[in-house]
Amino acid sequence: MNVNWQGVSGSEMQTESIASRLAQVARVGLVVALEGDLGAGKTVFARGFVHGMGVADPYVTSPTFTLLNPYLEGKMPVYHFDFYRLESPEELIQIGAEGYLGTDGVALVEWPSRAGDWIPADHLRVVLTFRDEEPDKRWIEFRATGGHSNMILADFCHLEA
């Protein structure tokens, strides 16, 4: 059975806090697929996760034009991808993405649907949504898709209890 979690964030700081708690239980090989419309908070979530891994860099931004921002100085490497401008999954070969997804650290992937089959079947899907009538709130849902992500999400849920 796959584990799920749902929550609501009322601010960027709260979204970062949720992501930071996830970072506390992250394990090597985790791939986090960040989904949501433009402005939903994917990069805010990534920033909270990176800071939760012990990276002090205050300028965690989306790698929209470079496709990848690596953060190597935390408790384990974090590879932050943004595939928004990706024209085809074949471009991932050019940047050597296979060396980062599900390997020696954690991969955070914004716009994972553009990567085709490059996203491992076992990943943690994080869906961020907002509603026009409540623009400051973000609904966040975590969905584990396999054994590795299930264990991590179960650990996260125990933090919440």
Side-chain angles (χ1 to χ4, degrees), residues 2-27 29-53 55 57-71 74 78-89 91-92 95 97 100-102 105-146 148-150 152-157 159-160:
N2 288 340
V3 178
N4 292 331
W5 176 88
Q6 294 180 336
V8 178
S9 170
S11 67
E12 283 191 9
M13 192 161 76
Q14 194 172 11
T15 299
E16 288 182 15
S17 177
I18 292 167
S20 181
R21 286 196 310 271
L22 178 62
Q24 291 175 28
V25 297
R27 297 182 186 149
L30 176 64
V31 174
V32 180
L34 296 165
E35 300 180 12
D37 291 333
L38 284 171
K42 296 179 295 295
T43 301
V44 170
F45 187 94
R47 182 172 57 232
F49 188 94
V50 168
H51 289 161
M53 293 296 277
V55 177
D57 186 347
Y59 302 106
V60 174
T61 59
S62 184
T64 303
F65 294 99
T66 59
L67 296 181
L68 169 63
N69 283 342
Y71 299 94
V78 177
Y79 306 108
H80 181 195
F81 291 93
D82 184 334
F83 294 154
Y84 182 73
R85 298 196 182 282
L86 196 68
E87 293 188 23
S88 75
E91 286 181 63
L92 296 175
I95 65 164
Y100 301 105
L101 295 171
V106 175
L108 305 175
V109 182
E110 296 186 41
W111 302 97
S113 61
R114 297 179 187 231
D117 294 334
W118 280 82
I119 303 299
D122 187 350
H123 63 273
L124 182 62
R125 186 171 178 225
V126 176
V127 181
L128 297 111
T129 57
F130 63 95
R131 300 174 185 148
D132 289 338
E133 63 273 11
E134 296 182 275
D136 294 336
K137 290 187 179 179
R138 297 297 184 265
W139 283 259
I140 303 171
E141 182 177 3
F142 294 172
R143 298 177 196 157
T145 63
H148 188 62
S149 57
N150 265 305
I152 293 166
L153 188 49
D155 289 347
F156 174 85
C157 290
L159 285 179
E160 292 287 297

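Below, each value reflects all heavy atoms present in this structure, side chains not excepted, and no hydrogens, waters or symmetry copies.
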List the atom of [X], the atom of [Y], and the distance in Å for their closest heavy-atom pair.
{"X": "Ala115", "Y": "Leu92", "value": "CB-CD1, 3.8 Å"}
{"X": "Tyr100", "Y": "Ala107", "value": "O-CB, 3.9 Å"}
{"X": "Ile152", "Y": "Val25", "value": "O-CG2, 3.6 Å"}
{"X": "Ala144", "Y": "Leu153", "value": "N-CD2, 3.9 Å"}
{"X": "Tyr59", "Y": "Tyr71", "value": "O-OH, 4.4 Å"}
{"X": "Ala26", "Y": "Met53", "value": "CB-SD, 4.5 Å"}

If I take atom [atom1] from residue [X] and atom [atom2] from residue [Y], how far apart are they, to the nearest 0.5 angstrom?
{"X": "Thr43", "Y": "Glu12", "atom1": "OG1", "atom2": "CD", "value": "10.0 Å"}
{"X": "Phe83", "Y": "Leu67", "atom1": "CZ", "atom2": "CG", "value": "7.0 Å"}
{"X": "Lys42", "Y": "Asp37", "atom1": "NZ", "atom2": "CG", "value": "7.0 Å"}
{"X": "Asp122", "Y": "Leu30", "atom1": "CG", "atom2": "CG", "value": "8.5 Å"}
{"X": "Arg138", "Y": "Leu128", "atom1": "CZ", "atom2": "CG", "value": "8.5 Å"}
{"X": "Phe142", "Y": "Ser149", "atom1": "CZ", "atom2": "OG", "value": "12.0 Å"}

Listed partners of Thr61 passing side-chain contact (heavy atoms from CB on, under 4.5 Å), at least two apart: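 Testing Thr61 for side-chain contact (heavy atoms from CB on, under 4.5 Å), a comparison that skips the adjacent residues, returns Asn69.
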side-chain contact (heavy atoms from CB on, under 4.5 Å) partners of Ser11, counting only residues at least two apart: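 Checked Ser11 against side-chain contact (heavy atoms from CB on, under 4.5 Å); matches are Met13, Gln14.
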Set of residues satisfying ring-ring contact (aromatic ring centres under 6.0 Å, His included) with respect to Trp111, sequence neighbours excluded: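 Listed in chain order: Tyr84.
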Stepwise side-chain contact (heavy atoms from CB on, under 4.5 Å) test for Phe81 and Leu101: CA-CA 10 Å; Phe81 291 93; Leu101 295 171; 3.9 Å; yes
Answer whether the closest heavy-atom distance between the side chains of [X] and [Y] falls below 4.5 Å.
{"X": "His80", "Y": "Glu110", "answer": "yes"}
{"X": "Leu22", "Y": "Leu124", "answer": "yes"}
{"X": "Ser9", "Y": "Ile140", "answer": "yes"}
{"X": "Asp155", "Y": "Arg27", "answer": "yes"}
{"X": "Glu35", "Y": "Pro112", "answer": "yes"}

Distance-only side-chain donor-acceptor flag, Ser17 / Arg21, under 3.5 Å: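 Yes, a side-chain donor-acceptor pair sits under 3.5 Å.
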Parallel, tilted or perpendicular, as decided by the 30° and 60° cut-offs, for the rings of Trp5 and Phe156: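 Rings of Phe156 and Trp5: perpendicular, over 60°.
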Geometric class of the Phe45/Phe49 ring pair [parallel <30°, tilted 30-60°, perpendicular >60°]: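 Parallel: the ring planes of Phe49 and Phe45 meet at under 30°.
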